[in-house]
There are 2 protein chains.
Amino acid sequence: MRVGGYPMDTGYGETMREPLPADLFDELCPSSLNPIRFGDKWAALIIRCLEDGPRRFSELRVPLSRVTPKVLTQSLRALERDGLVIRAVRPEAARHVEYELTALGRSLLEPMAAACAWTAQHWDQLLEAREAHDDAARLDRAG
Amino acid sequence: MRVGGYPMDTGYGETMREPLPADLFDELCPSSLNPIRFGDKWAALIIRCLEDGPRRFSELRVPLSRVTPKVLTQSLRALERDGLVIRAVRPEAARHVEYELTALGRSLLEPMAAACAWTAQHWDQLLEAREAHDDAARLDRAG
DNA sequence: CAGAATCCGTGGGGATACTG
DNA sequence: CAGTATCCCCACGGATTCTG
């Protein structure tokens with residue numbers, strides 16, 4: 001029923017207001033574990049974090065605590081490059097950088113929700129298939 | 001409007017009866033060029049080839065001519081492992097192997113179509129964003 | 001705080017050649 | 001025909017350290 005807590009929630013757009021979760025890794029799988037993937041390994045999780053509005057780099061680092069700053073920057077830059085995310089430097093305080101979804105980025109939320117719903121629905125089947133297949137392989141090797 | 005001919009057709013399920021296209025690479029992008037991806041680099045194209053029914057390894061090699069046999073085998077094995085594809089060896093003739101979508105694999109077609117529709121719809125925007133971003137970066141380096 | 005720089009290991013993906 | 005078997009490369013992701 002779960003892998004690191006996944007899936008608990010497929011409702012992109014409905015849930016998660018304001019405070020970001022402590023660790024998104026435990027709530028959602030990184031996309032590399034998912035047959036349906038969005039961009040690079042962390043793109044889906046990043047987009048999800050930006051769903052409710054702009055977030056600062058340091059804010060993103062909390063739910064994405066397992067992502068090193070370098071990789072997080074790389075992913076954000078890639079999203080920016082594709083016009084899915086905007087990076088805004090606010091001169092107010094010292095070094096205040098915010099990331100925000102563009103309209104294009106927002107439009108991704110819908111197919112993303114569909115894909116996540118699919119995964120949530122079929123997660124058990126996927127796990128079962130994998131296990132069965134791995135077991136068969138193990139037996140094969142053994143005898 | 002196109003990159004290697006993409007997108008020309010987003011209708012998974014509606015188009016492409018019987019004869020497989022000569023080169024799917026020119027008709028669809030490998031998923032690494034796509035913000036929405038399915039499995040590994042070639043999974044989406046493979047699934048698409050299996051949409052209309054079982055296909056033999058050699059049949060798949062035609063539209064996927066740019067995929068080396070090793071990589072094609074790897075991808076197929078991964079899909080099999082996740083229960084999305086079934087590999088069947090038919091003892092009729094010598095070495096007759098067919099790949100076929102499972103029910104689980106078939107159920108992927110729907111969110112896949114949604115994702116592909118998104119990409120087709122926003123492809124121009126994506127390209128534009130990339131180009132604009134790359135141009136800006138070039139100017140930045142120059143001056 | 002928001003990264004940049006550096007170093008590094010792994011492996012995904014490709015080319016080529018070979019086989020039952 | 002349906003793959004293996006090798007070899008190779010570099011891009012991805014991670015750890016750590018440094019900086020304006």
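In what follows, chains are A, B, ... by sequence order, proteins preceding strands, each numbered from 1. Heavy-atom basis, side chains included; hydrogens, waters and symmetry copies ignored.
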Taking only residues two or more places apart in sequence, or in another chain, which ones meet [X] in a side-chain hydrogen bond (donor to acceptor under 3.5 Å, both in side chains)?
{"X": "A:Thr102", "value": "none"}
{"X": "B:Ser107", "value": "A:Trp118"}
{"X": "B:Arg81", "value": "A:Asp134"}

With rounding to the nearest 0.5 Å, note down the distance linking OH in A:Tyr99 to CD1 in A:Ile86.
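That separation rounds to 12.5 Å.
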
For B:Glu100, all residues meeting salt bridge (Lys or Arg N to Asp or Glu O under 4.0 Å), sequence neighbours excluded:
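Per chain and number, B:Glu100 pairs via salt bridge (Lys or Arg N to Asp or Glu O under 4.0 Å) with no residue.
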
Can you list the residues that meet the salt bridge (Lys or Arg N to Asp or Glu O under 4.0 Å) rule with A:Arg87, with sequence neighbours excluded?
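A:Arg87 satisfies salt bridge (Lys or Arg N to Asp or Glu O under 4.0 Å) with no residue once adjacent residues are dropped.
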
Nearest-angstrom distance from the residue atom [atom1] of [X] to [atom2] of [N]:
{"X": "A:Arg56", "N": "C:dG3", "atom1": "CZ", "atom2": "C1'", "result": "13 Å"}
{"X": "A:Glu59", "N": "C:dC1", "atom1": "CD", "atom2": "P", "result": "12 Å"}
{"X": "A:Arg55", "N": "C:dC1", "atom1": "CZ", "atom2": "P", "result": "16 Å"}

Per the end-axis method with five pairs at each terminus, what is the bend angle of the helix from C:dC1-D:dG20 to C:dG20-D:dC1, to 10°?
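The end axes of the helix from C:dC1-D:dG20 to C:dG20-D:dC1 are about 50° apart, to the nearest 10°.
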
Of all residues at least two apart in sequence or in a different chain, which pass the side-chain contact (heavy atoms from CB on, under 4.5 Å) check with [X]?
{"X": "B:Thr73", "value": "B:Phe57, B:Arg77"}
{"X": "A:Glu98", "value": "A:Pro54, A:Arg56, A:Arg90, A:His96"}
{"X": "A:Thr68", "value": "A:Lys70, A:Val71"}

Boundaries of the DNA chain D segment in contact with chain A, non-hydrogen, under 4.0 Å
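Answer, 5' to 3': D:dG13 to D:dG20.
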
Sub-3.5 Å pairs of nitrogen or oxygen atoms, protein against nucleotides 13-16 of chain C:
residue : atom : partner : partner atom : Å
C:dG14  : OP1  : B:Lys41 : NZ           : 2.9
C:dG14  : OP2  : B:Trp42 : NE1          : 3.2
C:dG14  : N7   : B:Lys70 : NZ           : 3.3
C:dG14  : O6   : B:Lys70 : NZ           : 2.2

Qualifying salt bridge (Lys or Arg N to Asp or Glu O under 4.0 Å) pairs, either residue in residues 101-119 of chain A, two or more places apart:
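Residue pairs with at least one partner in residues 101-119 of chain A: there are none.
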
